[in-house]
2 protein chains.
Amino acid sequence: MSSLSDLIEQYLRDLLEKRDSIEIQRRQLAQMFRCAPSQINYVLETRFTMEDGYLIVSRRGGGGYIKITRAHWHEDPDVLGKIKESVGNEITQEGMAALLRRLVRESMLEEKDSWLLWQVINHELENPVFPEEKKDKHRAILLRTALLVLCGRK
Amino acid sequence: MSSLSDLIEQYLRDLLEKRDSIEIQRRQLAQMFRCAPSQINYVLETRFTMEDGYLIVSRRGGGGYIKITRAHWHEDPDVLGKIKESVGNEITQEGMAALLRRLVRESMLEEKDSWLLWQVINHELENPVFPEEKKDKHRAILLRTALLVLCGRK
DNA sequence: AAAACAAAGGTCAGGAAAGGTCAGAAATGA
DNA sequence: TCATTTCTGACCTTTCCTGACCTTTGTTTT
């Protein structure tokens, strides 16, 4: 049996079939499906997460809206998981080098972008605010963030 | 859909597209959009701030006016330096929003990429490993890294 | 010259209109 | 049954917008 959440999900997915990005009004959508507005949040939280390949941006107040955008990961939903998994909670410089090579080999990253990433992250980590013993953690965080952004681009 | 503030903002931006500096009369503009004069101030305060790269000068009394001047960035030879500078050692979420808006306006970043960055960084900062009191520092680090990578390509 | 008036723009509290959060009830399925 | 998922309602935060009142500047009157 498909629940109301499933129906709302389907409705939004259909819209996103045609466009990369849609804008909705929570109140209006809730009225359309005769449910509580917070139901919309539930659907977004459970079915349109970053892991699912979607981005949500919203604004409150008069003229408020919720914008849903498909990220590039959407085409290969596993990319996000793969990146998170391969980077892990900590990563050494060698680990980063190996990962970047692999991503380039698998065409998930362009050569020049990987080089740029390497430069920027290494440079950033020279900042003395990063204590030596935590560098692997910070490297992981920086690398993950930058990769998610780069690979999420169209 | 889009609020009155959005419309007024758009109108002013269009004018600033052609000239770097414009002079308006609050009363007249308010009449044009059929709103309270203070609405104009609201738009200026929320959308034409210094962080956004605008300078506002005004004069009261008879023959009073409001002058809006827009600062440029993209012609600067050291854009990356400017970016580092504006990110600084710490940056609030609002500061990040303003900077992203500005980069988009200056065509140094695509709008989609700015959403992506926004989402990824906010998502990353939700990770409990980042203590609340250090979020502004971490936000700065993540934002700087990601922006240098994104804006440093080509 | 001083006072009064007129014509700008500035400030701020507060109401209205969005969306966000979260505990817990209700439904569902194993 | 009992764990999980769905759903709602009460309450919160953010954004928009107005109106009453204030300050500054220029002009006119006395």
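Order of the sequence lines fixes the chain letters, A, B, ..., with proteins taken first and strands second; residue numbering starts at 1 for each chain. When reading the values below, keep in mind they use all heavy atoms of this one structure, side chains included, and skip hydrogens, waters and symmetry mates.
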Original post:
Of the nucleotides D:dC16, D:dG19, D:dC7, which has the atom closest to the B:Y42 side chain?
Top reply: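 Looking only at heavy atoms from C-beta outward on B:Y42, the closest nucleotide is D:dC16.
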**OP:** Check each of B:K134, B:R139, B:H138 against B:D136 using the side chain to side chain donor-acceptor pair (under 3.5 Å) test, and report the only one that passes.
**Re:**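 One option only clears the test, and that one is B:R139.
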Original post:
ring pair (Phe, Tyr, Trp, His ring centres under 6.0 Å) with A:Y54: which residues, sequence neighbours excluded?
Top reply: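 In terms of ring pair (Phe, Tyr, Trp, His ring centres under 6.0 Å), with neighbours along the sequence ignored, A:Y54 is linked to A:F48, A:H74.
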Subject >> ring pair (Phe, Tyr, Trp, His ring centres under 6.0 Å) against A:Y11, all qualifying residues, sequence neighbours excluded >> reply: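 Expected list: A:F33.
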**OP:** Have a look at B:M96 and tell me which of B:V87, B:N122, B:L142, B:L117 forms a side chain to side chain contact (heavy atoms under 4.5 Å, CB included) with it.
**Re:**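 Exactly one pass, corresponding to B:N122.
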Original post:
When rounded to the nearest 0.5 angstrom, what distance separates CD in B:Q39 from CZ in B:R26?
Top reply: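 Here the rounded value is 11.0 Å.
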Original post:
Can you give one letter per nucleotide of nucleotides 17-26 of chain C, going 5' to 3': B for a protein heavy atom under 4.0 Å from the base, S for sugar-phosphate only, - for none?
Top reply: BBBBBB----
Using whole Å, report how far [atom1] of [X] lies from [atom2] of [N].
X	N	atom1	atom2	value
A:D6	C:dA27	CG	C1'	13 Å
B:L7	D:dT15	CG	P	18 Å
B:I8	D:dC17	CD1	P	7 Å
A:E9	D:dC7	CD	C1'	16 Å

**OP:** Look at the side-chain N and O atoms of A:R47 and state whether any lies under 4.0 Å from the OP1 or OP2 oxygen of D:dT6.
**Re:**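 Result: yes.
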**OP:** Check whether any side-chain nitrogen or oxygen of A:T46 sits under 4.0 Å from OP1 or OP2 of D:dT5, and answer yes or no.
**Re:**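 For A:T46, the contact criterion (side-chain N or O under 4.0 Å from OP1 or OP2 of D:dT5) is not met.
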Subject >> B:R70 vs B:R105, side chain to side chain contact (heavy atoms under 4.5 Å, CB included): CA-CA, chis, key distance, verdict >> reply: CA-CA 11 Å; B:R70 156 178 103 132; B:R105 177 166 60 73; 3.8 Å; yes
